[in-house]
Amino acid sequence: MLDNNTLFKLPYGLYLLTAHAIKDNACIINTVMQVTADPVTICTAVNKSNLTHDIINETGIFNVNILDQSAPFSVFSHFGYQSGREVDKFKDWPDFSRSENGLIYLNHYTNAYLSVKVRQCVGLETHTLFLGEVTEAKILSEKQTVTYQDYQDHIKPQPDSEKNTKKGYICEVCGYIYEGDELPNDFICPVCKHGAEAFRPLS
């Protein structure tokens, strides 16, 4: 089933990327773009240090869960703060289903999902761009997609004001604070696995 209206849920959101090899795994990402309309293809960037990246490289398929505005911080902390190499992220997760390709999508906190078959990979310094054909697209609810600004303003815990007086950088995805005068260009957030581009100076 391919509901093209699903693609209207995509812009400027935060997403849960799911994959499966020996076990299910997932990570939070913030880049998904439609590339072509016929066939429907999308492109996403995944950090190379993430287990989900390795699974997609191995299997060639993934699902994009488009998170909605009801998603609590626990979704971001559960899937973004833990390494899938050490934790089975879905072992105790209460509610999910599987799409036609066998991969997980969340029944709650998502307004739609896309199942994707990888057609091309482009390796960058810290990320891989996966270009893939959408094989299934389904709308789950009419709730609005959570935007990056929604996450910043209403979902993410605000940093302690004392920390803001320190020199350093804050990850705009998860709130992790790097203390120091200069953030290395190749720094990877130990919490959400985003790179230096996701950080801004504390001020």
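All residue numbers in this chain count up from 1 along the given sequence.
Between the Asn65 side chain and the Thr110 main chain, no donor and acceptor come within less than 3.5 Å of each other. Between the Gln34 side chain and the Thr36 main chain, a donor and an acceptor come within less than 3.5 Å of each other. In this structure, Asp150 contributes its side chain and Thr147 its backbone to a donor-acceptor pair below 3.5 Å. Between the side chain of Thr44 and the backbone N or O of Thr31 there is at least one donor-acceptor pair closer than 3.5 Å. A distance-only check finds a donor-acceptor pair linking the side chain of Tyr151 to the backbone of Val173 [under 3.5 Å].
Looking only at side-chain heavy atoms (C-beta outward), Phe62 and Ile55 stay at 4.5 Å or farther from each other. Within the 4.5 Å cutoff, the side chain of Asn50 has heavy atoms near those of the Asn25 side chain. Looking only at side-chain heavy atoms (C-beta outward), Cys189 and Tyr178 stay at 4.5 Å or farther from each other. At a threshold of 4.5 Å between non-hydrogen side-chain atoms, the residues Val75 and His108 do not count as touching.
Below 30°, between 30° and 60°, or above 60°: for Phe187 and Tyr176 the angle between ring planes is below 30°, a parallel geometry.
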Inset, instruction - List the steps, then state whether side chain to side chain contact (heavy atoms under 4.5 Å, CB included) holds for Ile29 with Cys27. - result: CA-CA 6 Å; Ile29 59 171; Cys27 67; 4.0 Å; yes
Inset, instruction - Apply the test side chain to side chain contact (heavy atoms under 4.5 Å, CB included) to residues Val64 and Leu17: give CA-CA distance (whole Å), side-chain angles for both, the deciding distance (0.1 Å), then the verdict. - result: CA-CA 5 Å; Val64 176; Leu17 194 69; 3.9 Å; yes
Inset, instruction - List the steps and the verdict of side chain to side chain contact (heavy atoms under 4.5 Å, CB included) for Arg85 and Asp54. - result: CA-CA 11 Å; Arg85 301 181 197 281; Asp54 297 348; 2.8 Å; yes
Inset, instruction - Take Ile170 and Arg200 through the side chain to side chain contact (heavy atoms under 4.5 Å, CB included) test and state the conclusion after the steps. - result: CA-CA 6 Å; Ile170 183 168; Arg200 63 169 171 79; 3.6 Å; yes
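Once rounded to the nearest 0.5 Å, the distance linking CG of Asp153 with CD1 of Ile155 reads 9.5 Å. Note that CG of Leu14 is 11.0 Å distant from CD of Gln69, once rounded to the nearest 0.5 Å. To the nearest 0.5 Å, atoms CD (Glu142) and CG (Asp68) are separated by 11.0 Å. Note that CD1 of Ile22 is 12.0 Å distant from CG of Asp88, once rounded to the nearest 0.5 Å. Taking CG of Asp95 as the start and CZ of Phe90 as the end, the distance is 11.5 Å to the nearest 0.5 Å. Atom CZ of Phe96 and atom CG of Leu106 lie 9.0 Å apart (nearest 0.5 Å).
Cluster membership for Leu131 and Leu114, using ILVMFWY side-chain heavy atoms within less than 4.5 angstrom, is not shared. Residues Phe76 and Tyr148 fall within the same hydrophobic cluster, defined by Ile, Leu, Val, Met, Phe, Trp and Tyr side chains chained together at heavy-atom separations under 4.5 Å. Tracing side-chain contacts under 4.5 Å through hydrophobic residues (I, L, V, M, F, W, Y), one reaches Ile104 starting from Trp93; they form part of the same cluster. When hydrophobic clusters are built by joining Ile, Leu, Val, Met, Phe, Trp and Tyr residues whose side-chain heavy atoms come closer than 4.5 Å, directly or via intermediates, Ile42 is not grouped with Ile61. The cluster map of Ile, Leu, Val, Met, Phe, Trp and Tyr, joined by side-chain heavy atoms under 4.5 Å apart, puts Phe79 and Leu140 in different clusters.
For the residue pair His53 / Thr128, a side-chain donor-acceptor distance below 3.5 Å is found, with atom types taken as modelled. For the 3.5 Å distance criterion, the side chains of Asn111 and Thr145 qualify, holding a donor opposite an acceptor. Side-chain atoms of Ser115 and Thr135 form no donor-acceptor pair, as typed in the model, at a separation below 3.5 Å.
Looking at every heavy atom in both residues, His127 comes nearest to Glu197 through CE1-OE2, 3.8 Å. Among all heavy-atom pairs drawn from Gly195 and Asn47, the shortest one is N-ND2, 4.2 Å. Pairing each heavy atom of Lys23 with each of His20, the nearest pair is C-ND1, 3.3 Å. Closest approach of Cys43 and Leu129 over heavy atoms only: SG-CB, 4.1 Å. Smallest separation of non-hydrogen atoms from Asn101 and Leu103: OD1-N, 3.1 Å. Across all non-hydrogen atoms, the minimal contact from Ala26 to Lys89 is O-NZ, 2.7 Å.
Taking the six-membered ring for Trp and the full ring otherwise, the centers of Tyr113 and Tyr105 sit less than 6.0 Å from each other. A ring-centre distance under 6.0 Å is not found for His194 and Phe199.
At most 12 non-hydrogen atoms from other residues, nucleotides or ligands lie less than 6.0 angstrom from CD of Glu182.
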